[in-house]
There are 2 protein chains.
Amino acid sequence: MARDDTPNAASVGATERSFRILERLGERQGCGVSELAESLSTSKSTVHNHLQTLKELGYVVQEGDEYRLGLQFLGLGDRARQHHDLYHVAKPETDSLVEAVGERAQVMVEEDGVGIYVYQSLADQAVRTDSHIGTVVDLHATSVGKAYLAHLPDDRLDAVLDQVAFDDQTPSTLTDAEALRTELDEIAERGYAFNDEERTVGMRAVGAPILSADDGRVLGAISVSGPTTRMTGTWYHEEVPEMVAQSAQIIGIRATYS
Amino acid sequence: MARDDTPNAASVGATERSFRILERLGERQGCGVSELAESLSTSKSTVHNHLQTLKELGYVVQEGDEYRLGLQFLGLGDRARQHHDLYHVAKPETDSLVEAVGERAQVMVEEDGVGIYVYQSLADQAVRTDSHIGTVVDLHATSVGKAYLAHLPDDRLDAVLDQVAFDDQTPSTLTDAEALRTELDEIAERGYAFNDEERTVGMRAVGAPILSADDGRVLGAISVSGPTTRMTGTWYHEEVPEMVAQSAQIIGIRATYS
DNA sequence: ACAGTCGTTCTGTTGAGCGGAACACACGCG
DNA sequence: CGCGTGTGTTCCGCTCAACAGAACGACTGT
């Protein structure tokens, strides 16, 4: 369910094709029909039909010989985010956290076995990577994901781990389910999680869970990430974790009483 | 093209149906199969097929007997917004404008004949309406839209006005094309536009165009809106316009040199 | 003028998206 | 307890529409 390459085919093929086109349009910053047709191994006419339909619906705009994603998706995205009220309470606190540490911070929420960034704040000197709002991340290979998993009830955790494909993304990625479970226990006790180049070489991160203040349920997670050159020593191991955990706690309190 | 009810049918019907379902899911905050099927006058099985497909693609999540929009749309929306670099430069300035006037402000960009809010900032006492990020608005019935139109080249203006259906939304809405043109001339000279309950009864707004600092091209528009009870006298007619126009100018300058 | 793009249009065929009916399950009520 | 009614889900054929491929203009740089 969580991964894209599910074996069972989608029942509505045309819809799947449309979204493949849209996703490709997002990756490249807009492109033409032929480029899309080739990269999706579909005929030009089919791609053209879909683009025309999406254009009429307002989800794609045409600029000369190029097609781009339409801004209407902002509306759908905003509507989807309104269900997760965590966003509104986390936004200001995340901004001040970024101001304090001078790196990058992101707020994650789980959806259907994967993590999705609902907010991201960047300091001026923060490292620009491919992650942004709406980025889908693995729960077991990020500091936010592990902080989240560490506080998940056992049955939910089992369900998530069953879906996870342990395809090591970097040489440091955990590939063993048991090793992950023992690390999650440590994280739960410690209160925050580290990520040392597991997902992206050259990047380290510190994540903390956002817990409901009354029933202790985990609502999401927040993390700060930066380059290995700056994330070192007690700054990486103590001071940043302290600040992240504190911000996470504040967000958790605000989320429960609002 | 700009409006939804275009006579010519979409070539890919399944895609259109999928998006109708998604839009409906957005309006109601998630709902069930039967409710969707009835309101779209489609069979339950068809709706179910589409929902399953969208769920596998990650754009819809299922929670018990309810379906909701998935957070993946955040990614598509963010990608679409990246093309309009206006967003990044306008965000901080809009926030400080809101802090100064204590109402609501929104940044608009044109896309295919309609206006779309790419950012919105709310003060604590701001009026909550149905507008939010991604909201599609008519260019001729909003202060942002008119401020934008007033600085559009003649040929582009003609093209937009041809598409506009003058369906008066409130008793105050302008319904005559010529009357609109004369008002646009005044706006262009004055530098800002007013909106007195044209779109929403009880709401007034002041909008100013965001112009490129070098070639004077109009990039978008920004507006402040609030209730008629608070938007009165010189505050509405002079002070707020002054602040909005100043913010618009700052954004225009930052947008050109960045 | 030519060959190389690009996007667009056309047409036939087949498979897939569709509606309708039947199913399984959860309620609430007498 | 059944019943009635409400879900969401599954099944199954029929037909229409989504697809591939080829042909068409319009450009662009040889």
Side-chain angles (χ1 to χ4, degrees), chain A residues 1 6-70 83 111-112 159, chain B residues 1 6-70 83 111-112 159:
Chain A
M1 310 270 203
T6 41
N8 52 356
S11 51
V12 186
T15 295
E16 184 182 2
R17 228 165 303 237
S18 276
F19 274 99
R20 295 265 173 270
I21 291 173
L22 289 169
E23 287 165 1
R24 198 53 58 98
L25 274 182
E27 293 169 16
R28 335 272 174 96
Q29 303 253 39
C31 55
V33 175
S34 300
E35 190 181 344
L36 282 171
E38 189 177 4
S39 72
L40 296 168
S41 55
T42 322
S43 69
K44 281 196 297 178
S45 59
T46 299
V47 173
H48 182 254
N49 281 339
H50 281 262
L51 286 173
Q52 286 301 321
T53 303
L54 292 167
K55 177 184 160 193
E56 272 176 28
L57 293 171
Y59 292 99
V60 153
V61 282
Q62 186 177 10
E63 274 182 351
D65 282 359
E66 274 210 349
Y67 291 88
R68 293 191 299 98
L69 288 181
H83 295 283
E111 186 173 278
D112 209 23
Chain B
M1 308 272 197
T6 40
N8 51 358
S11 51
V12 186
T15 295
E16 185 183 0
R17 227 162 304 229
S18 277
F19 274 99
R20 294 265 173 270
I21 291 173
L22 289 168
E23 287 166 2
R24 198 53 59 97
L25 275 181
E27 293 168 16
R28 336 270 173 101
Q29 303 253 39
C31 54
V33 175
S34 300
E35 189 180 346
L36 282 172
E38 189 176 4
S39 71
L40 296 168
S41 56
T42 323
S43 69
K44 281 198 296 180
S45 59
T46 299
V47 173
H48 183 254
N49 281 339
H50 280 263
L51 287 172
Q52 287 301 319
T53 304
L54 292 167
K55 177 184 161 191
E56 272 176 29
L57 293 170
Y59 292 98
V60 152
V61 283
Q62 187 176 11
E63 274 183 350
D65 282 358
E66 273 211 349
Y67 290 87
R68 291 192 301 98
L69 287 181
H83 296 281
E111 188 173 275
D112 209 25

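Lettering of chains follows the sequences in order, A, B, ..., and the numbering in each one begins at 1.
Between G70(A) and E111(B) the shortest heavy-atom distance is CA-OE2, 3.4 Å. Minimum heavy-atom separation, V61(B) to L69(B): CG2-O, 4.1 Å. Shortest non-hydrogen contact noted between A14(B) and A14(A) is CB-CB, 3.6 Å.
Taking CD of Q52(B) as the reference point, atom CG of N49(B) lies at 8.0 Å (rounded to 0.5 Å).
For T42(B), the side chain to side chain donor-acceptor pair (under 3.5 Å) test picks out no residue, with sequence neighbours left out. Take T15(B) and apply the side chain to side chain donor-acceptor pair (under 3.5 Å) test, not counting sequence neighbours, and it matches S18(A). Looking at residues two or more places apart in sequence or on another chain, you find a salt bridge (Lys or Arg N to Asp or Glu O under 4.0 Å) between R68(B) and E63(B). Scored by the side chain to side chain donor-acceptor pair (under 3.5 Å) test, S39(B) finds R24(B) as partners (sequence neighbours excluded). E23(A) is linked by a salt bridge (Lys or Arg N to Asp or Glu O under 4.0 Å) to R20(A), counting only residues two or more places apart in sequence or in another chain.
Sorted by first then second residue, the ring pair (Phe, Tyr, Trp, His ring centres under 6.0 Å) pairs that include residues 20-47 of chain B, not counting sequence neighbours, number zero. Listed by first and then second residue, the ring pair (Phe, Tyr, Trp, His ring centres under 6.0 Å) pairs involving residues 25-51 of chain B amount to none (not counting sequence neighbours).
In this model, the phosphate group of dT8(C) is approached by a side-chain N or O of Y67(A) to a distance below 4.0 Å at OP1 or OP2. Between R17(A) and dC19(D), a side-chain N or O to OP1/OP2 separation shorter than 4.0 Å is present.
When each of A14(A) and L51(A) is assigned the nucleotide of DNA chain C with its nearest heavy atom, L51(A) is the one assigned upstream, toward the 5' end. The residue among N49(B) and G64(A) whose nearest nucleotide of DNA chain C is located toward the 5' end is G64(A).
Close placement of the F19(B) and F19(A) rings is indicated, their centers lying within 6.0 Å of each other.
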Would you tabulate the side-chain donor-acceptor contacts of residues 25-32 of chain A under 3.5 Å, counting partners in other chains and residues two or more places apart, or write 'none'?
unit_1: R28(A); atom_1: NH1; unit_2: E35(A); atom_2: OE2; d: 2.6

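Counting to the nearest Å, the C1' atom of dT8(C) and the NE2 atom of H50(A) are 16 Å from each other. Look at CD on Q52(A): it is 15 Å from C1' on dC10(C), rounded to the nearest Å. Counting to the nearest Å, the P atom of dC27(D) and the CG atom of D65(A) are 10 Å from each other. Atom P of nucleotide dC23(C) and atom NE2 of H48(B) are separated by 17 Å, given to the nearest angstrom.
The stretch residues 26-36 of chain B has no heavy atom under 4.0 angstrom from DNA chain C at all. DNA chain D is contacted by K44(B), S45(B) of residues 37-46 of chain B, taking any non-hydrogen atom closer than 4.0 Å.
In this structure the side chain of T46(B) never reaches within 4.5 angstrom of the side chain of L40(B), judged on heavy atoms.
Note on Q62(A): only backbone sugar-phosphate atoms sit closer than 4.0 angstrom, heavy atoms only; bases stay farther off.
End-to-end axis angle of the helix from dG7(C)-dC24(D) to dG30(C)-dC1(D), using five pairs per end and rounding to 10°, comes to 40°.
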Under 3.5 Å, which protein N or O atoms sit close to an N or O of nucleotides 2-4 of chain C? Give each pair with its distance.
none

